[in-house]
There are 2 protein chains.
Amino acid sequence: MADINFSSPTLSPELRAAEPSAAAGEPLRWDIIELLFFAYRDFVGDADHELEAFGFGRAHHRVMHFVTRYPGLKVADLLDVLRITKQSLGRVLKQLLDEDYIVQKTGNNDRRQRLLFATPKGEALVAKLAGLQTARIDRALEQVGPAGAEKVRQFLRAMIDRDDPDKVLEAIFRTPAAAAKE
Amino acid sequence: MADINFSSPTLSPELRAAEPSAAAGEPLRWDIIELLFFAYRDFVGDADHELEAFGFGRAHHRVMHFVTRYPGLKVADLLDVLRITKQSLGRVLKQLLDEDYIVQKTGNNDRRQRLLFATPKGEALVAKLAGLQTARIDRALEQVGPAGAEKVRQFLRAMIDRDDPDKVLEAIFRTPAAAAKE
DNA sequence: AATTTATGTCAGCCATATTGACGTTTCTGC
DNA sequence: GCAGAAACGTCAATATGGCTGACATAAATT
């Protein structure tokens with residue numbers, strides 16, 4: 001491996017963030033970008049750890065979460081939410097069905113549909129994982145107070161694409177809190 | 001595939017969020033949990049789209065980002081930040097070196113170290129991706145005002161694990177804004 | 001009756017992560 | 001100066017979770 005050596009090494013003993021040299025343009029939100037990265041990394045880390053014990057991964061969690069929260073979700077809806085293909089969903093969903101975390105029910109309006117429901121076993125897992133994440137969120141919201149919490153919600157809502165929302169997003173944005181500052 | 005049919009189908013025409021039946025315990029932060037999921041999904045989606053044109057994935061972006069922002073980052077530091085193994089980093093890093101997005105420089109205090117630096121080409125890519133994400137963040141921050149923006153930063157900071165922070169996190173939490181409400 | 005929709009499935013591929021083992025260079029402690 | 005540890009690179013094998021393409025079936029729609 002070729003070693004590229006520059007004129008003067010200029011070793012920084014203290015690591016410091018540097019605006020990349022193209023700092024001439026509009027200011028970039030480096031702080032928020034990185035905070036989001038770390039916050040999300042640790043946020044999902046809570047669940048990841050616990051999931052190992054069940055032999056599941058993040059994919060299983062996402063499926064379980066949305067099925068539990070939105071009972072009767074169709075397969076197609078789930079695909080929209082997760083933004084994956086049905087083949088990808090297939091493997092994960094099959095495991096969750098086999099291991100009795102989720103059950104399917106034929107739609108009665110449209111018998112082609114397979115509506116998805118969490119079993120008590122599935123709900124328990126989702127609640128456990130949500131508990132871990134809630135602890136972290138509560139701790140963080142305490143720092144900003146109730147008014148701050150509402151600002152955080154507004155911010156997160158505004159970060160989400162609203163064009164062509166999936167069924168779940170529609171439900172989320174139809175919620176009372178959404179009407180607040182729309 | 002066995003079809004499990006229940007007593008009464010009870011089809012919901014409008015999808016509605018349901019507290020899983022174990023709602024007896026402490027309240028769970030379903031709203032924030034889901035907002036974080038969707039916000040992050042769309043946030044990283046901005047970059048993902050652009051990366052395809054370069055034949056890169058998210059892994060490349062993460063590496064490029066931190067190397068650009070923290071010039072002289074050691075390989076070991078990067079592993080801490082990204083929470084991956086050196087083998088995983090290896091392939092991605094090799095590509096970025098080969099394609100001249102990143103250069104290595106032997107540490108002069110410790111010649112075992114390979115300090116990482118972005119090339120102008122690399123910086124340009126990172127700035128472009130950060131620009132996309134900044135547009136989204138700016139749009140969202142407008143909704144909450146300057147005071148709200150500070151609340152959002154406080155919230156995100158508080159979401160991050162502080163025990164055993166890596167070098168980059170230390171730098172982030174050493175920043176002036178961090179001192180504000182510590 | 002023909003077509004479209006919702007779903008499932010088979011086969012293969014790719015990206016990104018893992019563990020374990022091993023080698024080299026260089027620093028550190030004795 | 002030497003032993004050992006540290007920082008890195010790399011080989012091999014494996015797992016997960018994505019992907020595309022093709023095809024099948026049942027049920028709804030036209």
Side-chain angles (χ1 to χ4, degrees), chain A residues 1-4 11 41 44-45 47-49 51-52 54-64 67 72-98 102-116 166-167, chain B residues 1-5 9 11 41 44-45 47-49 51-52 54-64 67 72-98 102-116 166-167:
Chain A
M1 179 131 303
D3 240 14
I4 292 122
L11 183 78
R41 180 190 72 172
V44 297
D48 284 352
H49 218 263
L51 284 161
E52 277 181 37
F54 293 80
F56 289 151
R58 256 178 231 185
H60 301 86
H61 184 198
R62 291 194 290 257
V63 172
M64 281 304 311
V67 169
L73 208 59
K74 290 187 297 178
V75 169
D77 293 334
L78 204 41
L79 294 178
D80 284 346
V81 171
L82 303 181
R83 303 247 172 110
I84 58 175
T85 59
K86 71 179 162 177
Q87 293 90 332
S88 296
L89 177 59
R91 266 170 314 141
V92 170
L93 189 53
K94 196 174 191 324
Q95 282 182 67
L96 292 171
L97 289 165
D98 287 349
I102 285 180
V103 288
Q104 291 182 317
K105 191 169 65 165
T106 299
N108 48 354
N109 281 8
D110 185 335
R111 292 182 41 81
R112 290 171 305 180
Q113 298 173 349
R114 301 300 151 91
L115 308 182
L116 303 171
D166 51 63
K167 285 280 179 59
Chain B
M1 177 130 304
D3 239 17
I4 292 121
N5 277 287
L11 183 79
R41 181 191 71 172
V44 297
D48 285 351
H49 218 262
L51 284 161
E52 276 180 37
F54 293 81
F56 289 153
R58 255 178 232 186
H60 301 84
H61 183 197
R62 291 194 291 256
V63 171
M64 282 302 312
V67 169
L73 208 58
K74 290 186 298 177
V75 169
D77 293 335
L78 203 42
L79 294 178
D80 283 346
V81 171
L82 303 181
R83 303 251 170 106
I84 58 174
T85 59
K86 71 179 161 177
Q87 293 87 334
S88 295
L89 177 60
R91 264 170 316 125
V92 170
L93 189 52
K94 196 174 191 322
Q95 281 182 67
L96 293 170
L97 289 165
D98 288 349
I102 284 180
V103 289
Q104 290 181 319
K105 191 170 62 166
T106 299
N108 47 355
N109 281 7
D110 185 335
R111 293 181 43 78
R112 291 171 303 180
Q113 299 173 349
R114 301 298 151 89
L115 308 183
L116 303 172
D166 51 63
K167 285 279 179 61

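All chains are named by letter (A, B, ...) in the order of the sequence lines, taking the proteins before the strands, and each is independently numbered beginning at 1. Atom set for the values below is all heavy atoms of this structure, side chains included, hydrogens, waters and symmetry mates excluded.
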With five pairs defining each end axis, the helix from C:dA1-D:dT30 to C:dC30-D:dG1 comes out bent, to 10°, by 30°

Name all residues meeting the salt bridge (Lys or Arg N to Asp or Glu O under 4.0 Å) criterion together with A:R62; count only those two or more places apart in sequence or in a different chain, and write none if there are none. none

Roughly how many Å is it from CZ in A:R62 to C1' in D:dG18, rounded to a whole number? 10 Å

To the nearest Å, how far apart are A:D48 CG and C:dT18 P? 11 Å

Under 3.5 Å, which donor-acceptor pairs link side chains of residues 77-84 of chain B to any protein atom two or more places apart or in another chain?
unit_1 : atom_1 : unit_2 : atom_2 : d
B:D77  : OD2    : B:K74  : N      : 3.4

Sorted by chain and number, sequence neighbours left out, ring-ring contact (aromatic ring centres under 6.0 Å, His included) with A:H60 holds for A:F56

Atom CG of A:L79 to atom C1' of D:dG17: distance rounded to whole Å? 14 Å

Rounded to the nearest 0.5 Å, how far apart are CG of B:D98 and CD of B:Q95? 8.0 Å

Round to the nearest Å and state the distance from B:L78 atom CG to D:dC8 atom P. 10 Å

Tell me every residue that passes side chain to side chain donor-acceptor pair (under 3.5 Å) with B:R112, counting only those two or more places apart in sequence or in another chain. B:D110

Rounded to the nearest Å, what distance is computed from the CZ atom of residue A:R91 to the C1' atom of nucleotide C:dC14? 12 Å

I'd like to know if B:R83 reaches the base of C:dA17 with its side chain, counting only an N/O donor and acceptor under 3.5 Å. no

Between CG of A:D80 and P of C:dT7 the distance, given in whole Å, is 10 Å

In B/S/- notation (B base, S sugar-phosphate only, - none; protein heavy atoms under 4.0 Å), nucleotides 19-30 of chain C written 5' to 3' is BBB---BBS---

Atom CG of A:L93 and atom P of D:dG18: how far apart are they, to the nearest Å? 13 Å

I would like to know whether B:L116 and B:Q104 meet side chain to side chain contact (heavy atoms under 4.5 Å, CB included); could you show each step before the answer? CA-CA 5 Å; B:L116 303 172; B:Q104 290 181 319; 3.6 Å; yes

NA contact type, A:G90, heavy-atom cut-off 4.0 Å: base, sugar-phosphate, or nothing? nothing

Closest non-hydrogen atom pair between A:V67 and A:L73, with its separation: N-CD2, 4.5 Å

I need the CD1-C1' distance between B:I84 and D:dC8, as an integer number of Å. 14 Å

My understanding is that only residues two or more places apart in sequence, or in another chain, count here; which of them pass side chain to side chain donor-acceptor pair (under 3.5 Å) with A:R58? A:D48

Check whether any side-chain N or O of A:Q104 sits under 4.0 Å from OP1 or OP2 of C:dG8, and answer yes or no. yes

Taking all non-hydrogen atoms of both residues, which atom of B:V92 and which atom of B:A59 are closest, and how far apart? CG2-CB, 3.9 Å

